[in-house]
Amino acid sequence: MTTPDQTPASYRYTSALAGQIEQRWQDRWESEGTFEAPNPTGDLAGEITGDKYFIMDMFPYPSGAGLHVGHPLGYIATDVAGRYRRMRGDNVLHALGFDAFGLPAEIHAVETGEHPRTNTLSNIDNMRRQLRRLGLAHDQRRSFATIDPDFMRWTQWIFVQIFESWYDEEQGKARPISELRAEYESGARTAPDGTAWADLTPIERSVLIDAVRLAYIDDSPVNWCPGLGTVLANEEVTAEGRSERGNFPVFTRNLRQWKMRITAYSDRLIDDLDRVDWPESVKSMQRNWIGRSHGARISFPVEGIATPIAVFTTRPDTIFGTTYMVLAPEHELVDQLTTEAWPDETPLQWTNGAASPAEAVTAYRAMAAAKTDLERQENKEKTGVFTGSFATNPVNGAKVPVFIADYVLTGYGTGAIMAVPGGDERDHEFAESYALPIIHTVQAPEGFEGGAYTGKGVVINSTNDELSLDGMEIDDAKDAVITWLQAHGAGEGTTTYRLRDWLFSRQRYWGEPFPIVYDELDQPIALPDSMLPVELPEVPDYSPKTYEPEDANSNPEPPLARVPEWVHVELDLGDGPKMYRRETNTMPNWAGSSWYELRYADPHNADRLVDPENERYWLGPRKPGETGGVDLYVGGVEHAVLHLLYARFWHKVLFDLGHVSSEEPFHKLFNQGYIQAHAYTDSRGVYVEAAGVEERTDEAGVTTYWSGDEQVTREFGKMGKSLKNAVTPDEMYETYGADTLRVYEMSMGPMDVSRPWETRAVVGAQRFLQRVWRLLVDEDSGDLLADDAELDATTLHILHVTIDGVRSDMEHMRFNTAVAKLIELTNHLTKEGLRSRAAVEPLVLMLAPLAPHIGEELWSRLGHAETLTHEPFPVADPAHLSAASVTCVVQVLGKVRGKLEVSPDISDEELTALALAEPNVVRSIDGREVRKVIVRAPKLVSIVV
RNA sequence: GCCGGGUUGGCGGAAUGGUAGACGCGAUGGUCUCAAAAACCAUUGUCCGCAAGGGCGUGCGGGUUCGAGUCCCGCACCCGGCACCA
């Protein structure tokens, strides 16, 4: 409390009074369960009224640093939207859980020896406290953390579902492995080589089945990050070849790891983007990441080699322009293609000066292998070497030399290309260096200079005995050549993707253990439901084996492997007690967030991850053909291809297996902007506490910044500890109160745009709330000042225009302009000294979603016993939307020359006459002939002379 | 290079093709006070003018229109994503 001698008025809306009001209402909401949303069935079942509305925030990682004022921006926005929806009569589901597995807790554990769980739980407590003080209308019964054994159990259960599934291309969906096994056993299906199931050994059967599982173990190139001591998914590696987290170097290594067959869903993940309401930027990032391209796979035979070279191209129409071929240095056919000696007349520059192709290829491969991906990217100069072999172009029989070059990547397409220097800039560049012929197959426009022509045009130089593409447009030529190739067994139309399978195992302690054990034949076996969850064992040391970040040859070593008594376990999995070995990798921290939206709908269900009825109600499609999913999902854009892609994938698997009725987890996605902040550096470039910096403006109007006596430089960046510019919500509660913080954050700008924090501007929101308070409450006595006076026409008009505008702003998340409109209404009432219930009650109701505590307090002082949570949001009366008089603008030659106060239903003729008589308009016309008068009654008259 | 978003007062921002700058911060002046703070009131794009009024003004250059911040064409710069992806 502020001491009395500092506050002349004891009922002024100060931060102290705001604090009392806010905490009182937070207690009341909690004890009354105000924001508890009933479910159709189960332990949270209740009477349901209205339409359902499921709103969600991207759930937070409970950081030890606590929150700064940037964090709650999205939470406030969803809270306002949710509170508005409740007042519209909806049954609103809004809760917040915690994404509690993750690296920081593990690092903290390594440093302090404190168990990550202990530390994480205390961080969660702290965050819950900070968030509660913000007055968020969450259903507390539905909160959880991904580390809760109950939650983890279902994460593991989903893993087992994925492990026990395969993708049936014919049906275009995932199906249980049991159905595949049944098809094998019945003879309906045989192994790819034709062998019958009955003729396979148990091991062969396992291998056959394991090869198609949606979760599988694979020995292939993965991203190994010694600095983190773990492998990473492609999505977690930046374009610079470093870890997204920690920025450590990442190396490609062949390692045995778990993967998820997300590539089976490539098409659906792309196609269904058209069915969700997401920002175009995020959709485009996902499309790019999946990287679907349509083209053709074409075989180029090589004399003396059984396997032809398969290439992938998106431009099969240019095949007549193929003058050479290129294989990635790592391509498996390179050894066979490399000849003993250089063919006669091999140009010297094709050989790199080597005595034989074998020597040249070996040297080139060694050089390519020594380069990291990053170095390959940096050096864009095209290099390569001739293998000594020639391939045959299937369309015209031309012999073309086969090169290896590192500008062809092993991981994309087939790792081999038909090079068309006339139609591809990269091929052109290479052809120039190696003196290879260039044939154009598309007519370039006149005056085209430059090497490769990649634009539109008509096909030329493309004829053989049976086929002529000449004269065709490119798309028709593609179809024609694919048809021809297909008929001649030389190729087919096909699609490739950039997306790779999701590397799913991590060598960390603080993650979900895999519900997998290995038998004596080293075959992975999923644990039955009854043995879930598999909980983390206590370990003597939480650290993964750490390495020098640059030590590419180090090997991952999971911390769980150091607990032999946990790893080796006796279980009865159906054929009596036997010894098994547990999987010692853990899941990535994306696992829990890949399905948590489902658990909000039925958080305590012990029998199912979510009851189908509850899932259908909260997430199911509203109309046939819709995807269903959360009605509004708000979060930062940084998860565009990580979390959002993984969650869609898991959701689709669960949909295929019949566990959910929705095809997409999040129907509408909204990316909020960030709150940024100024930061200040001293002369040494060291950050100084932003809170202590003073701004000075001299007579010349030049602004400088000072930390004590030292001048400092202003920068702009993320808010946080490292830039010493963090402002905490706690400071704001203390100085202004939670409602002020909420209103300020919502009024700063549009939700999807980043904006700078400015503590000194927060007072504006407080002044606004104080004005509202003063309208209703006597600052000295605390008496209610509202009266029952009738509203004048002007006030009625302003009120209803405000209602109309605020409603529309709320619908479209334009909270900044909603606040502005409420301020305007308040300023009008204040200026006119109006305190009529007819105006202040709607004002309080409209303010309530933004500033719920002061809203509730004023509502209750107005004599209402019940919370306003479910009070109907005011509705504008169309009769009051038009004003008694309107300002009409009179333009002469497009410039405003006069203004008229006129009746809204004035006729065009009358308005024209008034306009032409307005003195300043007459002066502007200056006797010139009026050629045309455009009238948009009642707001505008435009006169042309 | 490709894709997406952006550029409006001193600052954050507002404007169905129809009064550019709502609302807020800051600044200036005032009320209250012994004084200060808080609060309240007024002014605040810029230039000319005593005023009435007028000129200029939404990154730059064109265009459409009676009228363009808004639509079209071209360009510059900034932010984000992807990038030798055949």
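Every chain is numbered from 1 and lettered A, B, ... according to where its sequence line falls, protein lines coming before strand lines. In this text the structure is predicted, and so the values were computed from the model without any measurement.
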Let me have the donor-acceptor pairs involving side chains of residues 893-902 of chain A, under 3.5 Å, with sequence neighbours excluded, atom names and distances please.
from: A:E901; atom 1: OE1; to: A:S885; atom 2: OG; distance (Å): 2.8
from: A:E901; atom 1: OE2; to: A:T887; atom 2: OG1; distance (Å): 2.7

> Atom CE of A:M285 and atom P of B:A83: how far apart are they, to the nearest Å?
Replying inline: 13 Å

> When all nucleic acid strands are considered with a 4.0 Å heavy-atom cut-off, which category describes A:R814: base, sugar-phosphate, or nothing?
Replying inline: nothing

> Hey, does A:D427 reach any base, or is it just sugar-phosphate, or nothing, if we go heavy atoms under 4.0 Å?
Replying inline: nothing

>> The criterion is salt bridge (Lys or Arg N to Asp or Glu O under 4.0 Å); which residues satisfy it with A:E280, sequence neighbours excluded?
In response: A:R287

> Would the A:Y434 and A:Y324 ring centres measure less than 6.0 Å apart?
Replying inline: no

What does the list of N/O pairs under 3.5 Å between the protein and nucleotides 42-49 of chain B look like, with a distance for each?
none

> Using Watson-Crick and G-U wobble pairs whose two distances are both under 3.5 Å, how do you write the pairing of RNA chain B as dot-bracket, with | for links to another strand?
Replying inline: (((((((..(((.....[....)))((((((.......))))))((((....))))..(((((..]....))))))))))))....

Are any protein N/O atoms closer than 3.5 Å to N/O atoms in nucleotides 26-30 of chain B? If there are, list each pair with its distance.
none

> For A:E429, what residues pass the salt bridge (Lys or Arg N to Asp or Glu O under 4.0 Å) criterion, not counting sequence neighbours?
Replying inline: A:K382

Anything under 3.5 Å between a protein N or O and an N or O of nucleotides 51-56 of chain B, put it in a table, one pair a line.
from: B:G54; atom 1: OP1; to: A:R897; atom 2: NH1; distance (Å): 3.2
from: B:G54; atom 1: OP1; to: A:N920; atom 2: ND2; distance (Å): 3.2
from: B:G55; atom 1: OP1; to: A:R897; atom 2: NH2; distance (Å): 3.1
from: B:G55; atom 1: OP2; to: A:R897; atom 2: NH1; distance (Å): 3.3

Protein-nucleotides 65-69 of chain B N/O pairs closer than 3.5 Å?
from: B:C66; atom 1: OP1; to: A:K932; atom 2: NZ; distance (Å): 3.4
from: B:C66; atom 1: O2; to: A:S942; atom 2: OG; distance (Å): 2.6

>> Side chains of A:T759 and A:Y736 only: does a donor on one sit below 3.5 Å from an acceptor on the other?
In response: no

> Of the candidate nucleotides B:G13, B:U19, B:A38, which contains the atom at the shortest distance from the side chain of A:R755?
Replying inline: B:G13

> Considering only heavy atoms, which members of residues 797-805 of chain A lie under 4.0 Å from some atom of RNA chain B?
Replying inline: none

>> By the side chain to side chain donor-acceptor pair (under 3.5 Å) test, which pairs, at least two apart or in different chains, include something from residues 743-756 of chain A?
In response: none

> Considering heavy-atom distances to RNA chain B, does A:K939 or A:T314 have its closest nucleotide positioned more toward the 5' end?
Replying inline: A:K939

> For the pair made of OH in A:Y674 and C1' in B:G80, what is the distance, rounded to whole Å?
Replying inline: 10 Å

Donor-acceptor list for residues 817-825 of chain A side chains, cut-off 3.5 Å, not counting sequence neighbours:
from: A:T817; atom 1: OG1; to: A:D809; atom 2: OD1; distance (Å): 3.4
from: A:T817; atom 1: OG1; to: A:D809; atom 2: OD2; distance (Å): 3.1
from: A:T817; atom 1: OG1; to: A:R814; atom 2: O; distance (Å): 3.1
from: A:K821; atom 1: NZ; to: A:D809; atom 2: OD2; distance (Å): 2.7

Check nucleotides 4-7 of chain B against the protein and report each pair of N or O atoms closer than 3.5 Å, with its distance, or say if there are none.
none

>> Looking only at the side chains, is there a donor atom on one of A:T383 and A:Y364 sitting less than 3.5 Å from an acceptor on the other?
In response: yes

>> Of the options B:A39, B:A86, B:C84, whose atoms approach the side-chain atoms of A:Y412 most closely?
In response: B:A86

>> Reading RNA chain B from 5' onward, which residue's closest nucleotide shows up sooner: A:I823 or A:I417?
In response: A:I823

